[in-house]
Amino acid sequence: MKKLLIALVALVPTLAVAAGGGAPLDKANIDLNDTESLQRGLELFQENCAGCHSTQYQRYGRVAEDLNIPIDEMRAKYLPEGAKIGELMENAIPDADAAKWFGAAPPDLTLVARVRGEDWIYSYLHGFYKDESRPFGVNNTIFPMVGMPHVLEDLQGLPVKQEDGTIVASGGALSAEEYDQVVRDITGFLVYSGDPIKLERERLGWWVLGFLFIFFIVAYLLKKEYWKDVH
């Protein structure tokens, strides 16, 4: 037992580094009830991320239904030419070509929020900074030696890492507050993608707890009735 506890304690720092690259994570504070934010997140993801990354474990039709997007609008704005509303949300870049251009095929992001956590994604999108030693001229405080460009550079600018480790953004089209909302919207969409039934599951959970509470009362009263004459 003692050895098991020592092993678990030793594992904690390793898990922390794997989740956050050793850097502290900011709180994303994602609200899956904010449908407008999730809609913006979908649009931002499709514009900036879907060229390389897919979310191939969800379907266009299900996303449209969950995010209250009319089917005609979903077809017009988000479906590739020739795609059907019931198809999976895959990107158009073959893995072999992506690996040749980027060194490795960009991962599917459907479950990234479940693997990494919403705070990791939120902090990662805030963590890019200028680093001329890297192939794309950027690095990341959360994912050191990152192998992808800063796809939101036009919005945030190209941040510079100060000697004290702080990141200072400059030259972007958005203010810091506006960029923060963009990052939160994209993160929210990825959190939804990783667990699209979460809100429904939580609602059903309250009904189940209510049923169990009522059943407990009935069972308790029934037990008292059966056992009242047993002494």
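Figure legend: Arg116 and Phe143 shown as a cation-pi pair, the cationic atom lying under 6.0 angstrom from the six-membered ring centre and within 45 degrees of its axis.
Pro106 approaches Cys52 most closely through the heavy-atom pair CB-O, 3.7 Å. Heavy atoms only, all atoms of each residue included: Arg184 and Ala28 are closest at NE-O, 2.9 Å. Taking every heavy atom of both residues into account, Ser123 and Asp26 meet most closely at OG-N, 2.7 Å.
No side-chain heavy atom of Ile186 sits less than 4.5 Å from a side-chain heavy atom of Gln181. Between Val146 and Phe128, the closest side-chain pair of non-hydrogen atoms falls below 4.5 Å. By the 4.5 Å heavy-atom criterion applied to side chains, Phe189 and Gln46 are not counted as neighbours. Using a 4.5 Å heavy-atom threshold, the side chains of Lys198 and Leu32 count as touching. Counting only heavy atoms from C-beta outward, the side chains of Gln56 and Met89 never approach each other to under 4.5 Å.
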Let me see the working for Glu118 and Ile121 under side-chain contact (heavy atoms from CB on, under 4.5 Å), right down to the final yes or no.
CA-CA 5 Å; Glu118 63 182 50; Ile121 300 172; 5.7 Å; no
Between Gln58 and Thr110, is the side chain to side chain donor-acceptor pair (under 3.5 Å) condition met? List the steps.
CA-CA 7 Å; Gln58 60 181 355; Thr110 316; 5.7 Å; no
Worked check of side-chain contact (heavy atoms from CB on, under 4.5 Å) between Val218 and Leu221:
CA-CA 5 Å; Val218 173; Leu221 294 176; 6.0 Å; no
When you look at Ile69 and Gln39, which way does the side-chain contact (heavy atoms from CB on, under 4.5 Å) test go after all the steps?
CA-CA 8 Å; Ile69 300 174; Gln39 291 174 352; 4.2 Å; yes
Test Tyr122 against Asp180 for side-chain contact (heavy atoms from CB on, under 4.5 Å), laying out the working first.
CA-CA 9 Å; Tyr122 178 79; Asp180 182 69; 2.2 Å; yes
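Side-chain N or O atoms of Asn139 include none that pairs as donor or acceptor with a backbone N or O of Tyr129 at under 3.5 Å. In this structure, the side chain of Asn48 engages the main chain of Leu44 through a donor-acceptor pair within 3.5 Å. Side chain of Asn140 to main chain of Tyr124: a donor-acceptor pair is present (N/O by atom type, distance under 3.5 Å, no hydrogens or angles).
Neither Leu88 nor Val63 shares a network with the other; the hydrophobic side chains, linked directly or stepwise wherever heavy atoms of I, L, V, M, F, W or Y lie under 4.5 Å apart, form separate groups for each. In terms of hydrophobic clustering, with Ile, Leu, Val, Met, Phe, Trp and Tyr side chains grouped at heavy-atom distances under 4.5 Å, Ile71 and Leu79 are assigned to a common cluster. Residues Val138 and Val182 fall within the same hydrophobic cluster, defined by Ile, Leu, Val, Met, Phe, Trp and Tyr side chains chained together at heavy-atom separations under 4.5 Å. Residues Leu111 and Leu125 do not share a hydrophobic cluster, clusters being chains of Ile/Leu/Val/Met/Phe/Trp/Tyr side chains in contact below 4.5 Å. Cluster membership for Leu222 and Phe216, using ILVMFWY side-chain heavy atoms within less than 4.5 angstrom, is not shared.
Note that CG of Leu174 is 5.0 Å distant from CG of Leu155, once rounded to the nearest 0.5 Å. Of the inter-residue distances, the one linking Leu190 atom CG with Ile30 atom CD1 reads 9.5 Å to the nearest 0.5 angstrom. In this structure, NE2 on His53 lies 5.0 Å from CG on Leu109, to the nearest 0.5 angstrom. For the atom pair Thr187 OG1 and Leu38 CG, the distance stands at 11.0 Å (nearest 0.5 Å).
One finds no salt bridge joining Arg134 and Asp131 here, because no Lys/Arg side-chain nitrogen approaches an Asp/Glu carboxylate oxygen to under 4.0 Å. Ion pair Arg201/Asp195 flagged as a salt bridge, since at least one NZ, NE, NH1 or NH2 atom sits closer than 4.0 Å to an Asp/Glu carboxylate oxygen.
The list of salt bridge (Lys or Arg N to Asp or Glu O under 4.0 Å) pairs with a residue in residues 32-41, not counting sequence neighbours, reads Arg40-Asp185. Pairs engaging residues 57-86 under the ring pair (Phe, Tyr, Trp, His ring centres under 6.0 Å) rule: none recorded [sequence neighbours left out]. Screening residues 120-130 for salt bridge (Lys or Arg N to Asp or Glu O under 4.0 Å), with sequence neighbours left out, gives Lys130-Glu132. Identified under the salt bridge (Lys or Arg N to Asp or Glu O under 4.0 Å) test for residues 45-65, with sequence neighbours left out: Arg62-Asp66.
Taking Ile, Leu, Val, Met, Phe, Trp and Tyr as hydrophobic and joining them when side-chain heavy atoms fall under 4.5 Å apart, one finds Trp206 in a cluster with Leu209.
Between His126 and Tyr179, the ring-plane angle classifies as perpendicular under the 30° and 60° cut-offs. Using cut-offs of 30° and 60° on the angle between ring planes, the pair Phe215 and Phe211 is parallel.
Shown here are the side chain to side chain donor-acceptor pair (under 3.5 Å) partners of His150, two or more places apart in sequence or in another chain: Gln156.
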